[in-house]
Amino acid sequence: MKLEVDITKKLKEFTLRSQFTLQDGLTGLVGASGSGKSMTMKCIAGLELPDSGRIVLDDKVLFDSAKGINLPPQQRKIGYLFQGYALFPNMNVQENIMCGLQAKGLAQDKLGLAMANIIEKFQLQGLEGRYPRQLSGGQKQRVALARLLAAEPKVILLDEPFAALDEDLKEELQENLLALLTEHGGVALMVSHNKHELRKMCSNFYKIKAGSVEKVDEI
């Protein structure tokens with residue numbers, strides 16, 4: 001699987017140029033606060049509109065400014081794990097996950113079994129009826145990942161996935177997340193300010209510097 005990104009986006013103080021190609025596996029993206037890391041991911045996901053360029057996933061054009069192509073987020077097969085997880089506060093755990101299953105387009109008679117499998121896989125037994133305000137940080141992350149992966153995206157974008165967690169939880173959840181991503185396969189891109197986190201989890205690295213994305217051997 002391959003994701004090709006070649007876009008520009010004018011921001012308040014500079015123009016962001018993101019040009020890179022991602023293959024299967026987890027890639028880390030670093031840069032100073034305000035450098036354009038999250039903006040790059042939002043453009044890939046279709047949540048922000050680049051000013052120019054192309055985004056192509058396995059020969060499927062997601063965005064092409066010259067040809068007027070701009071697929072909506074729900075057609076891109078891209079899962080986005082927001083910083084803070086963005087669970088729906090008025091929905092319980094099961095209802096949040098159901099959003100992911102419905103996005104996959106499962107038949108109604110298969111939803112129950114699929115839900116049971118996900119609840120077991122993400123160790124959420126007994127939490128099905130709880131709302132986000134009743135969950136710990138680690139539980140929220142598991143629910144958000146369950147919802148994301150239920151839709152079977154081809155690309156996974158992770159925006160500071162451990163920033164909201166206590167230090168003593170991070171190591172275990174990093175290992176769990178890495179195992180899930182390995183099992184899922186496909187392309188994954190993770191933004192983090194924590195370079196140790198990225199070194200531990202990622203096999204390739206990019207850095208945003210002076211408005212441009214460049215590949216680096218180490219961070």
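Since we're looking at a predicted model, the values are computed, not measured.
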> Does the side chain of Thr40 pick up a donor-acceptor pair with the side chain of Ser18 at under 3.5 Å?
Replying inline: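 Checked: Thr40/Ser18 side chains pair up, N/O donor to acceptor below 3.5 Å.
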
Using the test side-chain contact (heavy atoms from CB on, under 4.5 Å), find all partners of [X] that sit at least two apart in sequence or belong to another chain.
X     : result
Lys12 : none
Val56 : Glu4, Arg54, Val61
Phe14 : Leu11, Leu16
Gln75 : Leu71, Pro72

Without swapping roles, check the side chain of [X] against the backbone of [Y] for a donor-acceptor pair under 3.5 Å.
X      : Y      : value
Glu95  : Asn92  : yes
Glu128 : Gly126 : yes
Gln139 : Ser136 : yes
Ser65  : Gly53  : yes

[X], [Y]: one ILVMFWY side-chain cluster at the under-4.5 Å cut-off?
X      : Y      : result
Leu26  : Phe20  : no
Leu87  : Leu101 : yes
Ile156 : Ile44  : no
Leu22  : Val30  : no

Quick check: closest heavy atoms across [X] and [Y], and the distance to 0.1 Å?
X      : Y      : result
Lys200 : Leu178 : O-CD2, 4.4 Å
Ala103 : Ala151 : CB-CB, 4.2 Å
Met190 : Pro161 : SD-CG, 3.7 Å
Met1   : Val187 : O-CG2, 4.0 Å
Cys43  : Ile55  : O-CD1, 3.5 Å
Leu198 : Gly28  : CD2-CA, 3.9 Å

> So which pairs with a foot in residues 62-82 pass ring-ring contact (aromatic ring centres under 6.0 Å, His included), sequence neighbours left out?
Replying inline: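 Counting only pairs at least two positions apart or across chains, the ring-ring contact (aromatic ring centres under 6.0 Å, His included) contacts touching residues 62-82 are Tyr80-Phe82.
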
>> For residues 92-140, which residue pairs pass the ring-ring contact (aromatic ring centres under 6.0 Å, His included) check, not counting sequence neighbours?
In response: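 Residue pairs with at least one partner in residues 92-140: there are none.
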
> How would you list, by chain and number, every residue that makes a side-chain hydrogen bond (donor to acceptor under 3.5 Å, both in side chains) with Glu183, sequence neighbours excluded?
Replying inline: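 Lys121.
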
Pairs of donor and acceptor atoms involving the side chains of residues 207-219, under 3.5 Å and at least two apart or interchain, shall be tabulated with distances.
none

> Is it true that Lys2 and Asp59 make a salt bridge, defined as a side-chain N closer than 4.0 Å to a carboxylate O?
Replying inline: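 Here Lys2 does not pair with Asp59 in a salt bridge, since their nearest N and O are not under 4.0 Å apart.
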
> Are the side chains of Phe162 and Leu177 in touch, meaning some heavy atoms are under 4.5 Å apart?
Replying inline: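 The answer is yes; the side chains approach within 4.5 Å.
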
> Hey, are the side chains of Leu81 and Leu157 touching, using non-hydrogen atoms and a 4.5 Å cut-off?
Replying inline: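 With C-beta onward as the side chain, the pair stays apart.
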
> Got a sec, which residues hit ring pair (Phe, Tyr, Trp, His ring centres under 6.0 Å) with Phe205, two or more places apart in sequence or on another chain?
Replying inline: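 Partners of Phe205 under the ring pair (Phe, Tyr, Trp, His ring centres under 6.0 Å) test: none.
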
>> Counting neighbours of CD on Glu13 that are heavy atoms of other residues, nucleotides or ligands and sit closer than 6.0 Å, is the number greater than 12?
In response: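 Incorrect, the count does not exceed 12.
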
> Above 12 or not: heavy atoms from other molecules or residues under 6.0 Å from CD of Glu120?
Replying inline: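 Incorrect, the count does not exceed 12.
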
> How long is the gap from CG on Leu124 to CE on Met115, to the nearest 0.5 Å?
Replying inline: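 So the CG of Leu124 and the CE of Met115 are separated by 10.0 Å.
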
> Nearest 0.5 Å, what's the OG-CD distance between Ser192 and Gln174?
Replying inline: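 These two atoms lie 8.5 Å from each other.
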
> Any side chain to side chain donor-acceptor pair (under 3.5 Å) pairs touching residues 140-152, not counting sequence neighbours?
Replying inline: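 Those involving residues 140-152 are Asn96-Arg147, Lys104-Glu152.
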
>> Going by side chain to side chain donor-acceptor pair (under 3.5 Å), name the pairs with one or both residues in residues 22-37, residues two or more places apart or in two chains.
In response: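 Qualifying pairs, neighbours excluded: Ser33-His193.
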
> Residues two or more places apart in sequence or in another chain: which of them pass salt bridge (Lys or Arg N to Asp or Glu O under 4.0 Å) with Asp58?
Replying inline: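 So Asp58 forms no salt bridge (Lys or Arg N to Asp or Glu O under 4.0 Å) with any residue.
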
